[in-house]
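The figures here come from the full heavy-atom set of this structure, side chains too, leaving out hydrogens, waters and symmetry mates. Every chain is numbered from 1, with letters handed out A, B, ... down the list of sequences.
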There are 2 protein chains.
Amino acid sequence: MFLKSFSRSSISRYHSLTRLPTINQLFKDVSIKKYKGNDIIPELNCFIQSIKTLKNVTFLDVYDGTTSKPLKLVINNNNEAIPLTDLKMGQSLSICNWKIKETPSRLQEFELSQTENSKITILGEISIDYPLQKKQKLTVPYLRSIPLLKYKSNYFASLIRFRSLLQTQLIKLLTKQDFIMCNPPILTSNDTEGNNETFKTIPKNLNLTVSTQLHLEILAQNLKNVFTITPCFRAEMSDTGRHLAEFWMLELESTNLSKLQDLLDCVKYLMIDTADSLLAQESIDDILPNDTQLPSATLNKEEIKERWRHLSNPENWKQITYTEAVNILQENHPSPPTWGESLSSEHEKFLAETYFNSEKGAFVLISQYPKNIKPFYMKHNLENDKVVDCFDMIFPGGMGEVAGGSIREVDIDTLQKAIGIDQSTDLDWYVELRKLGSLPRGGFGIGLERLIAYLFGLQNVKDAIPFFRVMKDKVSF
Amino acid sequence: MFLKSFSRSSISRYHSLTRLPTINQLFKDVSIKKYKGNDIIPELNCFIQSIKTLKNVTFLDVYDGTTSKPLKLVINNNNEAIPLTDLKMGQSLSICNWKIKETPSRLQEFELSQTENSKITILGEISIDYPLQKKQKLTVPYLRSIPLLKYKSNYFASLIRFRSLLQTQLIKLLTKQDFIMCNPPILTSNDTEGNNETFKTIPKNLNLTVSTQLHLEILAQNLKNVFTITPCFRAEMSDTGRHLAEFWMLELESTNLSKLQDLLDCVKYLMIDTADSLLAQESIDDILPNDTQLPSATLNKEEIKERWRHLSNPENWKQITYTEAVNILQENHPSPPTWGESLSSEHEKFLAETYFNSEKGAFVLISQYPKNIKPFYMKHNLENDKVVDCFDMIFPGGMGEVAGGSIREVDIDTLQKAIGIDQSTDLDWYVELRKLGSLPRGGFGIGLERLIAYLFGLQNVKDAIPFFRVMKDKVSF
């Protein structure tokens with residue numbers, strides 16, 4: 001009966017793609033009573049998270065990265081079949097023929113207990129002093145410095161599980177609403193905004209895309225609602241907690257978004273819906289990290305969910321124009337901008353974390369910036385020729401600008417003038433597009449790592465991507 | 001009542017992200033009786049697909065790329081509010097205040113009829129002789145040559161809708177089975193297999209990844225089941241219908257796949273499950289192209305679905321070793337390989353389309369190739385030291401190799417020997433990984449464009465990606 005449950009027709013009408021189970025599947029199967037007490041688990045691969053030896057028994061917590069809950073094995077100390085004295089934290093194991101034993105503990109619905117046929121085989125030794133000892137207090141910068149090992153920690157494994165969940169939720173929310181997922185090119189002949197440091201390629205001298213927006217517009221013009229989750233590249237020397245040379249963006253473009261207020265509502269409710277959908281996830285506690293193994297200066301499970309609740313509450317959202325922002329800063333900030341200048345990250349931080357004085361900060365949509373500090377493709381405001389119909393979305397929590405977007409200029413003369421003459425060869429096609437049954441449209445790009453950093457309480461976007469790339473560091477793998 | 005239905009709480013508990021509807025949403029809403037006859041549609045953006053003028057009325061088919069079904073407007077010819085004589089195919093329109101009128105036609109559940117307040121406003125003119133005339137017979141190579149216009153065709157728009165659906169289905173199937181979606185880096189210091197033409201970047205002299213497998217192994221070692229859908233880059237000069245300089249791969253890696261047969265079953269059932277899930281899609285007929293507007297030499301809706309049924313039938317799958325393949329070819333092919341040589345695409349084609357003589361070809365898993373013609377990371381077969389535990393997945397229909405994979409070598413000495421001494425600096429970390437609580441693992445990469453080409457019946461992968469990049473052509477946008 002047990003073997004059947006891993007057979008090729010157990011998961012709805014689809015086949016189980018791997019013969020061996022994950023620890024997460026095991027917990028789920030026990031919770032739906034697919035396994036009960038005394039059922040035997042024939043085989044499982046995992047690694048040792050902790051070892052606790054008492055007089056007669058040893059408790060072995062094993063982990064496989066698929067859930068934050070460890071699986072507990074109870075081993076008799078006097079059984080010679082188990083190589084107890086060889087076991088070390090971090091080692092990887094194959095465990096065979098262990099029996100499910102239901103437990104009354106709250107944290108753990110069951111443990112695995114030994115049978116006559118139970119085996120533990122060490123599959124992978126660990127050649128170093130394992131740094132992830134349970135009693136050692138870890139820091140995020142330390143874990144960041146050991147890329148081959150950091151995902152053995154509950155915290156970084158949780159980050160990867162969360163990034164996966166966030167992406168699938170975004171895709172679900174958007175495709176349900178008739179947004180089509182696309183993959184615009186990474187290799188391009190332009191640099192989108194005209195003022196970015198790009199990576200060029202050998203051979204071919206092409207740019208790695210800094211944003212796929214221009215190509216998305218071709219698709220939006222003909223397919224209405226499109227989006228992509230795509231890598232983008234900027235060869236900027238900035239070395240801050242908010243910049244990466246290789247990062248991912250959710251970019252969205254729609255011919256149903258032709259008015260600035262519609263665009264602002266779209267990005268705001270996409271964020272609110274995302275927070276709601278994360279909070280509604282059944283398995284969210286198994287995805288987020290365990291409180292007991294948190295590195296210092298990180299948020300725990302409840303604090304992370306509190307951020308999501310804060311984001312999902314429309315009352316924490318503010319909408320102001322750039323001009324209003326400048327006025328607020330001139331009245332309240334020690335070194336304010338003058339109208340026409342860019343807002344610094346300090347100005348943005350002041351607005352989102354100090355001025356709009358909700359306890360945990362506000363999500364601020366700043367609209368209609370001066371055209372001189374924004375890219376050529378943004379639509380000139382019809383009532384005030386000095387500003388464009390654009391926005392930046394500022395988050396509290398240290399990340400600042402998480403998204404930016406605009407209504408796109410579709411008037412050919414205005415666009416051509418904004419591009420200027422010197423760049424016209426590269427962007428001829430972009431102007432031409434306006435002559436081919438064009439529609440008004442708008443869109444935005446959300447920096448995925450900055451969004452993840454806010455949602456998880458990270459202080460550095462380097463931790464929000466599996467393996468980070470920045471201009472300053474040598475890439476050694 | 002109508003306005004409410006577009007309000008910010010209409011779609012389950014989530015907000016509608018755009019105020020205006022899509023034509024696809026309109027068809028759905030009518031089919032579930034959310035709209036009935038005489039309801040008014042206040043505003044919709046679209047473009048003209050065809051115009052048919054009779055004595056008293058004009059039939060206008062409009063389209064917005066979200067469904068293959070056109071929406072029909074019935075216009076009285078003597079109404080001066082509608083600029084009938086200015087209307088041209090390909091133009092984009094705003095249509096306001098049209099009334100839903102249910103129709104008995106099979107193709108169309110309803111049409112839009114005129115009211116006193118109905119308006120049509122031309123939003124985007126078309127500056128050229130519109131090439132997508134209904135009576136003109138189009139070809140795929142011609143459409144490919146007009147990238148700014150090709151997605152106005154039902155066929156190419158359908159391809160984008162299908163690519164989106166395929167990706168979301170793959171993500172759904174895999175995440176349901178505890179596979180975690182990851183984004184390994186694009187910029188790397190190695191070239192994965194040691195014999196690929198790579199793009200290098202200025203500055204930094206990094207390679208654009210040719211496969212993310214090596215980094216996925218770090219994640220799989222600690223998170224068990226991982227996958228990515230990622231762009232990859234090869235600067236190969238090959239100019240065939242099967243090669244792109246920039247392409248997307250589904251790459252999957254798992255420590256639950258430590259035996260070759262498990263790996264073969266995984267890729268096979270992933271393909272079978274994908275075909276099943278596409279066939280089970282409710283909206284599939286609206287995603288696939290209309291029969292009436294097919295370019296020449298393409299498959300129609302039913303022929304496409306027939307391919308999926310063929311793929312989903314396990315009887316059409318064959319599994320042989322490389323040695324068996326060589327024997328078959330030596331007995332049956334005019335210019336066979338000798339043992340130890342690579343199989344050419346002609347050999348693969350012969351096996352999948354001629355030798356395994358099912359009418360529509362077979363899906364052939366060829367395993368255990370000679371180690372000398374395969375990359376360093378493949379596990380040496382324990383019984384036969386001359387071969388490695390790998391496979392290529394060959395599809396009929398012209399695409400040949402659609403996937404390749406292997407069990408990974410985890411024995412440090414064998415691996416180090418396979419890498420050789422000269423490359424050891426770049427790959428030190430990959431060897432080191434085996435010393436850090438390693439687990440046996442396997443994985444594969446599926447070329448997304450080749451898979452799409454098979455599933456849609458394309459003859460060229462250039463059509464399976466929104467905007468293709470090949471080494472031969474100048475990239476002009």
Side-chain angles (χ1 to χ4, degrees), chain A residues 14-15 17-20 22 24-25 45 47 64-66 90-92 123-124 126-127 148 151-152 157 160-161 164 167-168 175 177-178 180-183 185-187 189 199-202 206 222-224 231 246 248 255-256 262 266 269 273 429 433 435-439 466-467 469 475 477, chain B residues 14-15 17-20 22 24-25 45 47 64-66 90-92 123-124 126-127 148 151-152 157 160-161 164 167-168 175 177-178 180-183 185-187 189 199-202 206 222-224 231 246 248 255-256 262 266 269 273 429 433 435-439 466-467 469 475 477:
Chain A
Y14 295 116
H15 298 285
L17 292 171
T18 66
R19 190 175 45 84
L20 302 182
T22 66
N24 189 44
Q25 281 164 351
N45 288 347
F47 60 87
D64 70 359
T66 60
Q91 276 174 339
S92 45
L123 293 179
I126 187 141
S127 67
L148 301 184
Y151 293 114
K152 275 201 157 48
I160 295 285
R161 292 192 296 267
S164 176
Q167 287 195 53
T168 54
T175 52
Q177 298 213 15
D178 263 8
I180 299 167
M181 185 157 68
C182 302
N183 302 120
I186 310 298
L187 300 171
S189 62
F199 287 96
K200 284 195 178 293
T201 62
I202 317 164
L206 291 167
N222 302 312
L223 289 144
K224 191 153 283 296
E246 175 182 336
W248 287 68
T255 56
N256 270 352
D262 289 350
C266 179
Y269 283 104
D273 290 352
W429 67 268
L433 192 60
K435 303 176 187 168
L436 302 174
S438 174
L439 282 168
F467 305 102
R469 303 305 191 213
V475 172
F477 71 104
Chain B
Y14 296 116
H15 297 287
L17 291 172
T18 66
R19 190 175 45 81
L20 302 183
T22 66
N24 188 45
Q25 281 164 350
N45 287 348
F47 59 86
D64 70 359
T66 60
Q91 278 173 338
S92 45
L123 293 179
I126 187 141
S127 67
L148 300 185
Y151 293 114
K152 274 202 155 52
I160 295 285
R161 291 193 296 267
S164 176
Q167 287 195 53
T168 54
T175 52
Q177 298 213 16
D178 263 8
I180 298 166
M181 185 157 68
C182 302
N183 303 120
I186 309 299
L187 300 170
S189 63
F199 286 95
K200 284 195 179 292
T201 62
I202 317 165
L206 291 167
N222 302 312
L223 290 145
K224 192 154 282 295
E246 175 181 334
W248 287 68
T255 55
N256 270 352
D262 288 350
C266 180
Y269 283 104
D273 290 353
W429 67 267
L433 192 60
K435 303 175 186 168
L436 301 174
S438 174
L439 282 168
F467 304 101
R469 303 304 192 212
V475 172
F477 71 103

With respect to chain B, which residue among [options] yields the maximal number of heavy-atom pairs within a distance under 4.5 Å?
{"options": "A:L206, A:T201, A:T168", "answer": "A:T201"}
{"options": "A:N183, A:N24, A:L433", "answer": "A:N183"}
{"options": "A:I186, A:V475, A:I160, A:L123", "answer": "A:I186"}
{"options": "A:T66, A:L187, A:I126", "answer": "A:L187"}

Checklist entry - Between A:G65 and B:I180, which heavy-atom pair has the shortest distance, and what is it? => result O-CD1, 4.2 Å
Checklist outcome for this item: Correct closest heavy-atom pair for A:Q177 and B:L17 would be OE1-N, 2.8 Å
[X], part contacting chain B, at a heavy-atom distance under 4.5 Å:
{"X": "A:P185", "result": "both"}
{"X": "A:R469", "result": "side chain"}
{"X": "A:T255", "result": "backbone"}
{"X": "A:L148", "result": "both"}
{"X": "A:F477", "result": "both"}

Within the distance-only criterion (no hydrogens, no angle test), does the side chain of [X] pair as donor or acceptor with the backbone N or O of [Y] below 3.5 angstrom?
{"X": "A:N256", "Y": "B:L20", "value": "yes"}
{"X": "B:Q167", "Y": "A:M181", "value": "no"}
{"X": "B:D273", "Y": "A:H15", "value": "yes"}
{"X": "B:Q25", "Y": "A:D178", "value": "no"}

Next on the checklist: Taking the side chain as everything from C-beta on, heavy atoms only, tell me whether B:I202 gets closer than 4.5 Å to A:I202.
Outcome noted: yes
Checklist outcome for this item: Value for CG (B:L223) from NZ (A:K152), rounded to nearest 0.5 Å, stands at 10.0 Å
Item to check | Distance, nearest 0.5 Å, that separates CG of A:D64 from NZ of B:K224 | outcome: 5.0 Å
